[in-house]
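Only one structure is covered here, and it is reproduced in the block below.
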Amino acid sequence: MSSFQTSPGTRDILPPHAGRWRALVQVFADGVESAGYENIIPPMFEDLGVFQRLGDATDVVTKEMYDFMDKGGRHIALRPEHTASVCRAFAQHRPTPPWKVWYSGPNFRYERPQAGRYRQFDQVGIEVLGVDDSQLDVEVIALGWDFYKSIGLSNVSLIVNSLGDAGDRGRYIEALGAYFTTHSEMLSEQALATLERNPLRVLDSKRPEDAPAIAGAPTIGAFLSTDAAAHFAAVCAGLDSLNIPYVINERLVRGLDYYQRTTFEFVSGSLDSAQNAVGGGGRYDGLVEDLGGPATPGIGFALGVDRTLLACDAEECFSYGFPVLDVFVIDTTGGSHAMSITHQLRQGGFTADRAFEGRSMKSQMKSADRSGAQVAVIIGDTEAEESTCTVRNLSTSEQTTIPSTELQSHLASVLGQRQPRRHTP
RNA sequence: GUGGGCGUAGCUCAGUUGGUUAGAGCGCUAGGUUGUGGUCCUAGAGGCCGGGGGUUCGAAUCCCCUCGUUCACCCCA
């Protein structure tokens, strides 16, 4: 046992998993960039106040924040999510709306780790600021939906709801609180505690004993203003016209307090754990203003990278093959030929590797085999003396010896032409 | 924060009612093959049995504490 291990809720993403991870982010980036979204990289920590705007009643703010005083006496917090940072960035830099951005990176929440839940966890996501149009809601949801399709996930369902405008939400929460209070004898102890902080969140309880009370609770639909109801109907109609299947669930309330109007969640049917929500988002029209910016509508979503990959494992999709080399260079004369040949091949655009420490021919051949290289280039005493090299096809075991000067052109004819590396001027 | 399961080699795991020097498979290294991989054979390296305390002549094994991990609640991606 080594002296140090990763801190609870964190882990090393090792190869080959890290390669698959990066590939997933790449697919996401390609998808949203083709829709006009540009990358934003906010800092990993901010003034605590930025995140307190997420809501006093959310656990994310009240008990899960990684916060500390820095040496300058500032109260700092590691970001628990990206949305608040993006809105802070908008308020700070005032870019011209519409501002369409995407991000990818780690977030931090102090929770007890379990399946699909870590203290440092990665999300990819998008945010759009400055557009109040139900068609944008449809675009955002569609981009999330299309991403899951593009990595091969089929067992993901989309759940949508509307929380109405700020006023609707307030009236609904009031009615909900009144209802649960009169039925408090039907609620679990935990649900009663939740009721104190935020009646909306009681709807999230997974405890069976709370189910009857929740089933009889008033639903948000009846409280929507004319505007909010029309907005939601337009979103649903848009999803219909794009043939994106969805389920309306009036019990869907998202975890952060800033959501208004459209909210949605992507749930994997292949994850039997409690963490089956692989992504979620919604509209947050008041957040930029809360952070000191101009009144600006906003909408976005975040997808959990870990959970998405867990879902891929369950559905056996988005498999990742480790990168295969073009060439493995074997040198039994001490290694200096391998050093120069791999360097030249890499400059010529070939992927190439070699062994070190002057190992035996057999050992180097094993390394070549494990590397997955298509051909081995072999330099032994004979080749060194004659300025030749032996090129061996590792799948057919055929090999020929050629003059060293013809190596690159020979490889190009065997493996196909490669683009030489160029240096940016 | 609350509750349950589990910690033995790099990995997956055996280990009898407590009893000498803790094992296997895979992986790794080397040799069999005086320049040639994937199969096969042989050998080798690699363990504070998570950590600390206790019971005992004797503890991987029993007890307590602790740390880690895992699952659920809570909450969330």
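Worth saying up front: this structure is predicted, and the values here are computed from it rather than measured. So you know, we letter chains A, B, ... as the sequences are listed, proteins then strands, and number each from 1.
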Quick check for you: among [options], whose closest atom lies nearest to any side-chain atom of [X]?
| X | options | result |
| --- | --- | --- |
| A:Gln5 | B:G35, B:G37, B:G68 | B:G68 |
| A:Arg109 | B:G38, B:A77, B:C75 | B:A77 |
| A:Met365 | B:G37, B:G68, B:C76 | B:G37 |
| A:Met361 | B:G35, B:C74, B:C71 | B:G35 |

Measure from [atom1] on [X] to [atom2] on [N] and round the result to the nearest Å.
| X | N | atom1 | atom2 | answer |
| --- | --- | --- | --- | --- |
| A:Gln374 | B:G38 | CD | C1' | 16 Å |
| A:Leu310 | B:C71 | CG | P | 9 Å |
| A:Asp381 | B:U34 | CG | P | 14 Å |
| A:Arg307 | B:C75 | CZ | P | 14 Å |
| A:Arg354 | B:G37 | CZ | P | 20 Å |
| A:Asn276 | B:C73 | CG | P | 10 Å |
| A:Leu187 | B:C74 | CG | P | 13 Å |
| A:Arg119 | B:U69 | CZ | C1' | 12 Å |

Looking at [Y], is its backbone amide N or carbonyl O close enough to the side chain of [X] to form a donor-acceptor pair, meaning the two atoms are under 3.5 Å apart?
| X | Y | result |
| --- | --- | --- |
| A:Arg307 | A:Gly279 | no |
| A:Arg283 | A:Pro297 | no |
| A:Arg261 | A:Ala228 | no |
| A:Gln135 | A:Gly238 | no |
| A:Thr351 | A:Asp326 | yes |
| A:Ser404 | A:Ser387 | yes |

Distance check, [atom1] atoms only: [N] and [M], in whole angstrom units.
| N | M | atom1 | value |
| --- | --- | --- | --- |
| B:G35 | B:G50 | P | 49 Å |
| B:U61 | B:U55 | P | 15 Å |
| B:G46 | B:G37 | P | 27 Å |

Under 3.5 Å for both donor-acceptor distances, Watson-Crick or wobble: does [N] have a partner, and if so which one?
| N | answer |
| --- | --- |
| B:U20 | none |
| B:C6 | B:G68 |
| B:G44 | B:C28 |
| B:G38 | none |

Annotated protein contacts, base or backbone, on nucleotides 26-32 of chain B with a non-hydrogen cut-off under 4.0 Å, one of B, S, - each: --SSSBB
For the CZ atom of A:Arg119 and the CG atom of A:Leu78, what is their distance to the nearest 0.5 Å? 12.5 Å
Please check the phosphate of B:A72 (OP1 and OP2 only) for any side-chain N or O of A:Gln114 closer than 4.0 Å. yes
B:C74 phosphate, OP1 or OP2, under 4.0 Å from A:Arg201 side-chain N/O: no
I want to confirm an ordering. Mapping A:Val278 and A:Tyr110 to their closest nucleotides on RNA chain B, which one lands closer to the 5' end? A:Tyr110
On RNA chain B, check which nucleotide each of A:Glu81 and A:Thr6 is closest to and give me the residue with the more 5' one. A:Thr6
Determine the contact category for [X]: base if any of its heavy atoms lies under 4.0 Å from a base atom, sugar-phosphate if only primed atoms, P, OP1 or OP2 are that close, otherwise nothing.
| X | answer |
| --- | --- |
| A:Glu383 | base |
| A:Leu303 | nothing |
| A:Ala368 | nothing |
| A:Ile378 | base |
| A:Gly116 | base |
| A:Phe328 | nothing |
| A:Gly380 | base |

Is there a donor and acceptor pair, one atom on the side chain of [X] and one on the base of [N], closer than 3.5 Å?
| X | N | answer |
| --- | --- | --- |
| A:Arg112 | B:C75 | no |
| A:Gln364 | B:G35 | no |
| A:Arg392 | B:G37 | yes |
| A:Gln399 | B:U36 | yes |

Cation-pi check, A:Lys100 to A:Trp102: give yes when NZ or CZ is under 6.0 Å from the six-membered ring centre and within 45° of the ring axis, no otherwise. no
Does some side-chain heavy atom of A:Ile402 sit less than 4.5 Å from a side-chain heavy atom of A:Cys389? yes
Would you please classify the geometry between the A:Tyr103 ring and the A:His82 ring as parallel, tilted or perpendicular, with 30° and 60° separating the classes? parallel
